[in-house]
K.L.:
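This is the structure, below, for whatever I ask next.
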Amino acid sequence: MDNYDSLDLDAAGFAPGELTAERLALLTLDEAHDLLRLLQATAGEDGPLSPEADRWAQELAARIPPGS
């Protein structure tokens, strides 16, 4: 799917924004490192999501202790 104009986000069952932030705070350290590796891998590709993945990888890396 190239665009998301036809998605009905209200019907998708997403948690409200205020709950999303709370849920992110509950990531385990291992989960945070897994997510960081995924974001770094996506950022390393030459795709449309690479810049955004790189930005999020930097944000996450700044907030979690170094992994093993």
Side-chain angles (χ1 to χ4, degrees):
M1 179 184 295
D2 290 336
N3 73 43
Y4 299 100
D5 295 336
S6 63
L7 290 179
D8 182 1
L9 297 180
D10 292 329
F14 290 113
E18 65 273 10
L19 295 179
T20 303
E22 184 177 332
R23 287 177 53 200
L24 287 176
L26 299 177
L27 284 174
T28 67
L29 188 54
D30 286 339
E31 290 170 333
H33 283 284
D34 288 345
L35 179 57
L36 180 58
R37 282 190 290 277
L38 176 65
L39 289 167
Q40 289 170 332
T42 303
E45 297 176 358
D46 190 26
L49 296 177
S50 297
E52 190 71 5
D54 184 53
R55 183 180 73 80
W56 279 110
Q58 291 178 35
E59 291 287 336
L60 185 57
R63 289 170 169 76
I64 60 174
S68 53

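For reference, positions follow the sequence shown, starting with 1. Predicted, not measured: the structure shown is a model, and the values here were computed from it.
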K.L.:
With side chains defined as the heavy atoms from C-beta onward, is the minimum distance between Leu35 and Glu31 less than 4.5 Å?
P.N.:
no
K.L.:
Report the distance from atom CG of Leu29 to atom CG of Leu36, rounding to the nearest 0.5 Å.
P.N.:
10.5 Å
K.L.:
Between His33 (side chain only) and Pro65 (backbone N and O only), is there a donor and an acceptor less than 3.5 Å apart?
P.N.:
yes
K.L.:
Just list the side-chain donor-acceptor pairs under 3.5 Å for residues 49-56, sequence neighbours left out, or say none.
P.N.:
from, atom 1, to, atom 2, distance (Å)
Ser50, OG, Thr42, O, 3.3
Ser50, OG, Glu45, O, 2.2
Ser50, OG, Gly47, N, 3.0
Ser50, OG, Gly47, O, 3.2
Glu52, OE2, Arg55, NH2, 2.8
Glu52, OE2, Trp56, NE1, 3.1
Asp54, OD1, Gln58, NE2, 3.4
Asp54, OD2, Gln58, NE2, 2.8

K.L.:
So, for Ala57 and Gln40, which heavy atoms are closest and what is the spacing to 0.1 Å?
P.N.:
CB-CG, 4.0 Å
